[in-house]
Number of protein chains: 2
Amino acid sequence: MSVSSKCYYAMRAVYALAEHNSPEPLKISQIAEREMIPIRFLEVILNQLKGGGFVRSKRGAEGGYFLAMPAEELTVGAVMRFVDGPIAMVDCVSQSRHKECEFHGECHFFGFWCRVRQAMSDVVDKTTFADLMRESQERKKGYVGDWSI
Amino acid sequence: MSVSSKCYYAMRAVYALAEHNSPEPLKISQIAEREMIPIRFLEVILNQLKGGGFVRSKRGAEGGYFLAMPAEELTVGAVMRFVDGPIAMVDCVSQSRHKECEFHGECHFFGFWCRVRQAMSDVVDKTTFADLMRESQERKKGYVGDWSI
DNA sequence: CATTTTTCGACTATGTTGGTCAAGATGAGT
DNA sequence: ACTCATCTTGACCAACATAGTCGAAAAATG
């Protein structure tokens with residue numbers, strides 16, 4: 001059930017770009033250092049994210065990466081889905097890769113899988129990178145969010 | 001993010017045993033046929049489930065498997081965790097395999113991961129196999145559960 | 001004893017993960 | 001025009017996980 005390293009690296013890279021938020025691009029090497037990501041692997045990942053339209057790049061000296069859209073409009077779920085594939089645990093309840101299983105309509109677990117999918121989607125598709133940044137700010141100020149039980 | 005075939009097979013096998021609910025055991029071959037599971041693979045899976053205390057077995061002619069506990073007391077999450085490991089997407093928020101990450105207390109994603117974990121746990125750890133059976137009954141009678149949107 | 005059924009460990013083929021590496025293209029400054 | 005920093009691209013690789021299969025043994029029933 002776990003998220004791949006690659007996906008978590010991608011999320012952290014996007015977070016770093018969201019936090020940077022400046023007209024000058026952020027270099028791969030800087031992202032790698034800040035977020036503790038193997039630099040050679042990060043090259044691959046950022047290139048993939050670029051292909052997905054999540055980030056833009058500038059080549060050459062003084063080049064680097066920017067976020068391709070405002071952090072308020074980019075959900076964590078979008079990045080996760082792009083890198084790791086569907087969020088759903090089984091294809092029959094996935095929106096992005098829907099495929100009926102062999103128990104057409106007779107499946108004992110269909111309702112269960114739907115509820116799991118909905119619960120996950122309710123979190124990942126409603127959390128933007130701007131939300132994460134705000135959370136981090138509040139945590140620094142000593143505020144404890146409502147997720148803590 | 002998906003569940004392994006093995007895990008889904010295990011869940012279906014347990015469901016079949018829960019549904020059988022009789023003093024006579026259910027044979028591997030019968031479970032395999034009903035739930036469309038490769039029989040040789042199912043042998044391995046049931047043996048593993050037995051090791052986890054989920055099912056009991058009787059050997060020899062007229063042997064087979066029973067559920068080791070009432071279906072009302074067995075949650076789907078327990079089986080999933082046993083077969084596929086922690087439900088949580090990252091170890092730092094997993095109860096069963098907790099391990100701090102390298103960003104001790106400075107992690108931008110900690111709150112996020114917690115919310116995801118809680119959302120998933122709220123479904124899988126609160127759904128028992130008895131619940132699934134009841135759902136299936138109601139679906140047969142044309143009743144549409146509250147999971148359907 | 002013969003048959004049915006579980007039990008157990010070894011085996012294997014294929015795919016995924018988590019990277020690394022080398023060479024090239026591009027752009028900014030001198 | 002040259003140089004240097006930086007992104008770009010595709011190939012490559014080792015280790016591990018997945019999804020099973022197989023054969024032989026042990027136990028219970030009749």
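Atom NZ in B:K58 sits roughly 17 Å away from atom C1' in C:dT7 (whole-Å rounding). Between the NZ atom of A:K27 and the P atom of D:dT8 there is a distance of 15 Å, rounded to whole Å. The separation between B:I45 atom CD1 and D:dG20 atom P is 8 Å, rounded to whole Å. Residue A:I37 contributes atom CD1, which lies 10 Å from atom P of C:dG19 at whole-angstrom precision.
Within 4.0 Å of B:L46, counting heavy atoms only, lies no atom of the nucleic acid at all. Nucleic acid contact for B:Y9: sugar-phosphate only, since backbone atoms but no base atoms lie under 4.0 Å from a heavy atom of the residue.
For B:A61 and A:F41, each mapped to the nucleotide of DNA chain C holding its nearest heavy atom, the one lying further toward the 5' end belongs to B:A61. Of the residues near DNA chain D, B:E43 and B:D84, the one whose nearest nucleotide (by heavy atom distance) lies more toward the 5' end is B:D84.
For B:R139 (side chain) and A:G105 (main-chain N/O), a donor-acceptor pair under 3.5 Å exists by modelled atom type.
For A:F103 and A:F110, the gap between ring centers reaches or exceeds 6.0 Å.
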Exercise for review: Run the numbers on B:R115 and B:M120 for side-chain contact (heavy atoms from CB on, under 4.5 Å), then give the verdict.
Suggested key: CA-CA 9 Å; B:R115 288 197 303 274; B:M120 296 172 74; over 6 Å; no

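Judged by atom type and distance alone, B:R40 reaches the base of D:dG23 through a side-chain donor-acceptor pair under 3.5 Å.
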